[in-house]
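Proteins get letters first, then strands, A, B, ... in listed order; numbering begins at 1 in each. None of the values given here were measured: they were computed from a predicted structure.
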Amino acid sequence: MVDQLSWKVGGQQGEGIEKPGDLFATALNRLGYYLYGYRHFSSRIKGGHTNNKIRVSIRPVRALSDDLDILVAFDQETIDLNARELRKGGVVIADAKWNPRLPEGVGDVRLISVPFTSIAQELGSTLMKNMVAVGATVGLMDLPVEPFQEVVTELWGRKGATVVEKNMQAIARGAEFVRRELGGPLDEFRLAPADGKRRLFMIGNEALALGAIAAGARFMAAYPITPASEIMEYLIKVLPQFGGTVIQTEDEIAAVTMAIGANYGGARAFTASAGPGLSLMTEAIGLAGMTETPVVIVDTQRGGPSTGLPTKQEQSDINAMIYSTHGEIPKIVIAPSTVEECFYDMAEAFNLAEEYQVPVIVLTDLALSLGKQTVEPLDYDRVEIRRGKYLGDTELPERERLDLFKRYELTADGVSPRPIPGQKYGIHHVTGVEHNEVGRPSEGAANRKQMMDKRLRKLQGFRLKNPINVHAPHEAPDVLFVGINSSEGVIREAIERLEAEGVKANHIQIRQVHPFPADDVRPYVERAEQVIVVEQNATAQLAHLLILHVGYREKIHNILKYDGNPFLPREIFEQAKGLLKTKELI
Amino acid sequence: MVDQLSWKVGGQQGEGIEKPGDLFATALNRLGYYLYGYRHFSSRIKGGHTNNKIRVSIRPVRALSDDLDILVAFDQETIDLNARELRKGGVVIADAKWNPRLPEGVGDVRLISVPFTSIAQELGSTLMKNMVAVGATVGLMDLPVEPFQEVVTELWGRKGATVVEKNMQAIARGAEFVRRELGGPLDEFRLAPADGKRRLFMIGNEALALGAIAAGARFMAAYPITPASEIMEYLIKVLPQFGGTVIQTEDEIAAVTMAIGANYGGARAFTASAGPGLSLMTEAIGLAGMTETPVVIVDTQRGGPSTGLPTKQEQSDINAMIYSTHGEIPKIVIAPSTVEECFYDMAEAFNLAEEYQVPVIVLTDLALSLGKQTVEPLDYDRVEIRRGKYLGDTELPERERLDLFKRYELTADGVSPRPIPGQKYGIHHVTGVEHNEVGRPSEGAANRKQMMDKRLRKLQGFRLKNPINVHAPHEAPDVLFVGINSSEGVIREAIERLEAEGVKANHIQIRQVHPFPADDVRPYVERAEQVIVVEQNATAQLAHLLILHVGYREKIHNILKYDGNPFLPREIFEQAKGLLKTKELI
Amino acid sequence: MTELKVTFKEFRNDVAPNWCPGCGDFAVLAAMQRAFANLGLTPEQVAVVSGIGCSGRISGYIHTYGFHGTHGRALALAQGLKIANRDLVVVASGGDGDGYAIGMNHTIHAIRRNIDLTYIVMDNQIYGLTKGQTSPRSQMGFQTKSTPKGSIESPLAPLQMALAAGATFVAQGFSSDVNQLVAIIEAGIRHPGFAMINVFSPCVTFNKINTYDWFREHVVPVETIEGYDPHDRNKAMQALMETDGMLTGIIYQDPDSVSYEDRIPGFQKTPLVKQPLKLERAEFEALVAEFM
Amino acid sequence: MTELKVTFKEFRNDVAPNWCPGCGDFAVLAAMQRAFANLGLTPEQVAVVSGIGCSGRISGYIHTYGFHGTHGRALALAQGLKIANRDLVVVASGGDGDGYAIGMNHTIHAIRRNIDLTYIVMDNQIYGLTKGQTSPRSQMGFQTKSTPKGSIESPLAPLQMALAAGATFVAQGFSSDVNQLVAIIEAGIRHPGFAMINVFSPCVTFNKINTYDWFREHVVPVETIEGYDPHDRNKAMQALMETDGMLTGIIYQDPDSVSYEDRIPGFQKTPLVKQPLKLERAEFEALVAEFM
Ligand SMILES: Cc1ncc(C[n+]2csc(CCOP(=O)(O)OP(=O)(O)O)c2C)c(N)n1
Ligand SMILES: Cc1ncc(C[n+]2csc(CCOP(=O)(O)OP(=O)(O)O)c2C)c(N)n1
Ligand code: SF4
Ligand code: SF4
Ligand SMILES: [Mg+2]
Ligand SMILES: [Mg+2]
């Protein structure tokens, strides 16, 4: 029996290979296993290799595994591209139909040809070959069939009992075939039993969308783009239940500007996109900053620059999110590391946007946005709603007709009270031009300085409740790892291995990206012999933020990856060993 | 007699008060004086106070003076707003018509009421009151009348001799009136004679436009915006002579993208805008970076953020110009400090864009772009044309039909040979998606890494011929001043005063903004006791670049100004003294 | 009842517009103020959203809520605002550069969407604020700073474009005829859906061709066309083409127009902004349960 | 002479398009290749500039120069390119989202400008590459990922818009009729000015409504209209309105069209890119002297 196992299914894009992966994962989730998935796909609709790698464990997992135990292949290409990833003794399950073979030089790996297609045909439709493949896995892993029954019923129940029955037969036949082939279950593919608890299983984008709803966002304006579209697509389905709506706009400029307009109106509204969209939003973000209109913007990072690698993992928008837009505005950038944090941070983003009356960018990466994983219960009670100086539901005191409301009142904390259109005594003007306290354009030097100071004052000393995630067991560690977004889990696994070799490693994950939480980060940098910043870009953007805000340039090293794929634990482990060796620590 | 003098004319916007300023300055330029001007104006067409402050000197001047010798006022508001700027003994010349008076508390200042309007009326048109005002100045300063005759003839010659004659009479009458009033010339307003040499007198935008033509740019695509429009307007007038053209596009996205398209086609093309336009260009700049298409973009900085202070001075786009666009591209940002450098740097920008096949941003500020000043001769022979690996006029070797040209060949320096459409053996594909050597989309991990490395390699070790302007007489200075763009002159004046008080001050002006010339800057920072970064923004953007790239955080101090007005020498002098005092240097 | 009647003075504020004397935009401002008053609106019920340009300054000259946004994006702001609070009367406005050059895309898509807004373009056929460059409305041959030899681009026909984009309300006014303009704006606000209003609003400083007199000579009020039927889209298109776009008045109105808000599945009459932010626990749990 | 004749194979390359089998874009690709060959062009004389979308991939599938730009900006690239080198045949292309959503503004202004380009929109009335959201061409009620209850926006009429924007060449093809499409593209390239070509190019994967069969039933070839005169703008507009935009063939062509390039003051027949970069010393000095 094993505690964890890594499974992958692959085939041609657009041929429905999402189904078996989803079915497998959902069933195992129902059994109480922890899952972590990553889909490899291309920027095309049909054709081209795609695969879904899923790690299953009895303990929480937040990273892909280095290797693979089981590969389910729907075509020879899948075997050719992925067989090398299999561990010694790993198994390929493939459709007997096309005479699968292992490529040259793939060592100790077992190929099981299962007649996916013929079994499916016998049952009445080749479409069911997916189910046979799932069944083959069930057989290999010796899984109980009940959770599959449950999921299959949910999936096809509407089509009638026969369809469900047929699909279950396909699974049974696949399982039977493999069991016969193996002559009994192999212990190395049998998972230790899980706790049976029902846990959430979702992608980061869904958690972001849920966070937005929980925070009271009832309007989203967006333009489709990978890997952000799921946020919008989920909300399109769900928001109407809550009286809300999504507008698919003509472009990202309209999307963010509509969101700003709605926030000006007093609603909680947002947009989400990826790099190209965020680049187009640059001017509007400045408008939100200047007019002190709250707005939340999600950037799901993908491979850049330009159209770049639209379906690949990267973390290369950090600088752009901090520094984009001409002139100077206060802005908050936060970066959740896990799907749970996607939910809570997204909800919190709306609070921050209103409390500070600034644009808030929620930064994720493709692996976090699209990777489907087991998620701890999302706590309704942890979601606060704080609106700061929003006056929309306040009875405002009466005032003279032309005594405009001081929407930009110079206050000690820089934040001014905010009435909304429709309120009788709240009339004021808003403009992206420099303005006075009631929002009228003003070019005066003294006013200008006061207003700039006011706006920038808002975020002085700003600090999230958890600006960094800290795993720092050591007082004087050999190394401090610093990561951002989805890398938390993979860094932790690398650290486990390093610790096993005697390295003392601390780890922080940066959640508050801007303003940079220098005071929180500094002590960890100071105490560490060496700092290794792990990030998925080519110019070490996060490391430069450390150097700029914390210093200790000479301590800071990088592990960078920018080939489009997420880190594997081994890669960090080995590169870290290399870096540590140069320091003669190992 | 004095070596220099400061003159200002003010009135209502849209009432033609540019004329007297231009006439005065042009005439003095013809006499061989050095001039430096700054126009104060608002974002409206008619009405609102505007003024033009012009410094005249027998030596080169590159900054406004702290105070004012002569104020020519076309309305009471001009006196109210500007009289306090006059030095002791300064003179206000105002139209007797509206009974000008000095505001309370303005000390030792003399008001001369000159019947601008009635004299003009006597001569046949109140429009000529401008000329009377100029005449009053001529009288006060005891200037020769010939250069005025010359300029007036150029201005109105086409309208006939009578018009010229009348205008000259107006000048004579104004002069006469003041001479009579004063009872003879006052020595303190008489300029020492100049060398009589003819020098150029122009604004930075004109120099940029000239630089572009000199570099062979024959196409500009742009959208109007303050303070960039003059570049386009000058080229619209001039380019047709050289077979070129300007397209006024529908927006800035189209402008920069057209320029990219034209560069792809092998032409030298560019665009120019200010902050809001640059923000809109963010995505396209990434496209140029990814496709390695040369393109030159001018950013004439103005007060931000958002629409901000469209007619005011600021230097707050530095970060945005460096870091904007999602993902990572090689990019060059250069910042001329003087009008001469506008010309040379602009011409050089086209070389750099083609040699490195990257977007090049030429950063100016409003004071540099619009301030009219005396300019040293522009040297035709200093303008080189270097096209790097451009193959557009090469006969390419024959190749197989489908053997595409390796437009993105992996080379040691990262730059690849560049044929242009139309060439028989140069066919290749260009895309903003990650691509292989012939430009076809490719998602492969190995290719991706190679291509990112190739692109980023291009600017490794990049260095302008003059990455910084250096005025560093001291081996171990008390202070190093660091500035950017138009502040060079004003910093130099402040330094003169500090040196007079015994402070040893070095000064560098950053011309190569990105990639940051750390190795060039470092020795100056190292040697200085203290560093004062003078910049016109609120968040000390340039200072942060220093901290990031050079370090020495503890040495670095700021003098910031962000009220929309350019620095005056006194402001830097006094604030520097304050900063130095805390270090007990003075 | 008279003491209850709102007058246009309610919509005046104490800012002296910084437009040039004689600018057509003064009339647009006055017409908006009068239309609001005629409709019995109070200042807080109205939000004027504007773009950047001379015209864009209008949001600061009227006593209502006002948002002066970025160049070309007034409609995006306005649509978001209306979705947030459908009880507001939202009027977007700006120049011909704002709405037909940089902002044309939003104009077209706002038209298609048919959110209940009124959009007023102050069309002076030039860029005023940037001192006289050609606009997409400038005529061929028109000489400006940016086209000293005359414009060589064909001018846009905004109302024909609006019809082609599916507009449900299309009208055109002229700053010289404030009464007509008031009536148009009133009708536009009453119209359930997007009201597209182009106003010939002369720039007396930079446009010496399309002057008040020029317009006076060229406009063709719909009333002068026998039996003009503003409910026939094809006829409206034809009339616009035949008059070279100089038709004024209410040119087309779809009597069956249903606003976008009324088509959104599940969208309530109560404005979004008045609905509670917090989900009920049960609602939240039902959502989350979908992921188990 | 036969051995000199260019065949469409000259324009084929060795890339297998990653379009879904049956995608309408294959026909557009084939038609472009045949049109180029029929016009006797050689691959290096042509540049295909494309946007982002399934359709945008076309620049990589044809053996000519190709530039696959950003989403919605193909026309801006193409116009710049043509100004740089007017000897090239420049064809811009992309999807309906690319050209009519994010890129609509450039489409309209390119039409007005009338630079000598050919623009081919592969109109599948949906977003293909992002997996099936509604496009500005989707019909009301159309159900997609982004409109599960059906689209509630009125679809754009691109060719009516083009006419309203002053287009000098307007045509519409259909992937099922490659011969017609070849003829249209040829005519478009020959047209001196901007040729706007919309092509019904079905998305077999995501659009189950506007299928080949659906189009076959709905298109109205101009040939079927008695005495159709493609030189009458008003009639063309009317015909488009009457057929609900389903007219195919060459719908309008201005016989007097003069391209933008030919209107630019001082613009030479020799392409910019072939002109010397360096100014003569005397030219430079004359320029500079203006500032003394
Ligand atoms: C993104 C951006 N580009 C350019 C400008 C400069 N700009 C301000 S107003 C304007 C056009 C003005 O013309 P129009 O919209 O017709 O308004 P008008 O002044 O004629 O009323 C321009 C180009 C800007 N503010 N923002
Ligand atoms: C700025 C930007 N926004 C969004 C996207 C994502 N995106 C790629 S293609 C596309 C639309 C595709 O639809 P269409 O243009 O109709 O082309 P089709 O795939 O249908 O041929 C979108 C939204 C992008 N690449 N860039
Ligand atoms: S410049 Fe023209 S549009 Fe602007 S305020 Fe003056 S008259 Fe009006
Ligand atoms: S998704 Fe549609 S448009 Fe894209 S390739 Fe497939 S059929 Fe063509
Ligand atoms: Mg205008
Ligand atoms: Mg499409």
Q: Work out which heavy atom in B:Ser306 is nearest to a heavy atom in A:Gly432; give both atom names and the distance.
A: CB-O, 3.5 Å
Q | By salt bridge (charged side-chain N to carboxylate O under 4.0 Å, His left out) - contacts of B:Glu85 (at least two apart) | A | B:Lys8, B:Lys53
Q. For the candidates B:Ile285, B:Leu545, B:Leu287, which exhibits the highest count of non-hydrogen atom pairs separated by less than 4.5 Å from chain A?
A. B:Leu287
Q: For each of B:Pro310, B:Ala288, B:Pro276, tally heavy-atom pairs with chain A at distances under 4.5 Å, and name the one with the top tally.
A: B:Pro276
Q: Grab the two heavy atoms, one from B:Ala538 and one from A:Met452, that are nearest each other, plus how far apart they are.
A: CB-CE, 3.8 Å
Q.
Taking every non-hydrogen pair under 4.5 Å, which of A:Gly444, A:Ser43, A:Gly304, A:Gly286 racks up the most with chain B?
A. A:Gly304
Q. Does some side-chain heavy atom of B:Tyr562 sit less than 4.5 Å from a side-chain heavy atom of A:Leu456?
A. no
Q | Proximity breakdown for B:Ser442 and chain A, heavy-atom pairs closer than 4.5 Å | A | backbone
Q. Do A:Ser316 and B:Glu328 meet the criterion of a side-chain donor-acceptor pair at a distance under 3.5 Å?
A. no
Q: With rounding to the nearest 0.5 Å, note down the distance linking OG1 in B:Thr539 to CD1 in A:Ile329.
A: 11.0 Å
Q: Return the option, out of B:Ala445, B:Gly308, B:Ala320, B:Ser324, with the maximum number of heavy-atom pairs under 4.5 Å with chain A.
A: B:Gly308
Q: Take A:Glu434 and B:Leu309 through the side chain to side chain contact (heavy atoms under 4.5 Å, CB included) test and state the conclusion after the steps.
A: CA-CA 6 Å; A:Glu434 191 54 279; B:Leu309 289 174; 3.6 Å; yes
(Q) Let's go through B:His326 and A:Asp317 carefully: what are the C-alpha distance in whole Å and the side-chain angles of both, what is the deciding distance for side chain to side chain contact (heavy atoms under 4.5 Å, CB included) to 0.1 Å, and is it a yes or a no? (A) CA-CA 5 Å; B:His326 63 283; A:Asp317 297 350; 3.3 Å; yes
Q. Which one of B:Arg553, B:Lys449, B:His435 has the most heavy-atom pairs closer than 4.5 Å to chain A?
A. B:Arg553
Q: Take A:Glu314 and B:Arg448, measure what salt bridge (charged side-chain N to carboxylate O under 4.0 Å, His left out) needs, and give me the verdict at the end.
A: CA-CA 12 Å; A:Glu314 202 162 281; B:Arg448 160 64 170 185; 2.4 Å; yes
**Q.** Sub-4.5 Å side-chain heavy-atom contact between B:Thr431 and A:Thr307
**A.** no
(Q) If we define contacts as heavy-atom pairs under 4.5 Å, which of B:Gln315, B:His549, B:Arg455 has the most with chain A? (A) B:His549
Q: Would you please test B:Leu280 and A:Ile253 for side chain to side chain contact (heavy atoms under 4.5 Å, CB included) and show each step?
A: CA-CA 9 Å; B:Leu280 287 171; A:Ile253 299 176; 4.0 Å; yes
Q.
Within this structure, what is the CG-CG distance for the pair B:Asp563 and A:Asp453, rounded to the nearest 0.5 Å?
A. 10.5 Å
Q. At a heavy-atom separation under 4.5 Å, does B:Asn565 approach chain A through its side chain, its backbone, both, or neither?
A. side chain
Q) Using non-hydrogen atoms only, which part of A:Gln301 is less than 4.5 Å away from chain B: side chain, backbone, both, or neither? A) neither
(Q) Please identify, among A:Ala446, A:Pro305, A:Gly327, the residue contributing the most non-hydrogen atom pairs under 4.5 Å to chain B. (A) A:Pro305
Q) Does B:Lys312 have any salt bridge (charged side-chain N to carboxylate O under 4.0 Å, His left out) partners at least two apart in sequence or in another chain, and if so, which? A) none
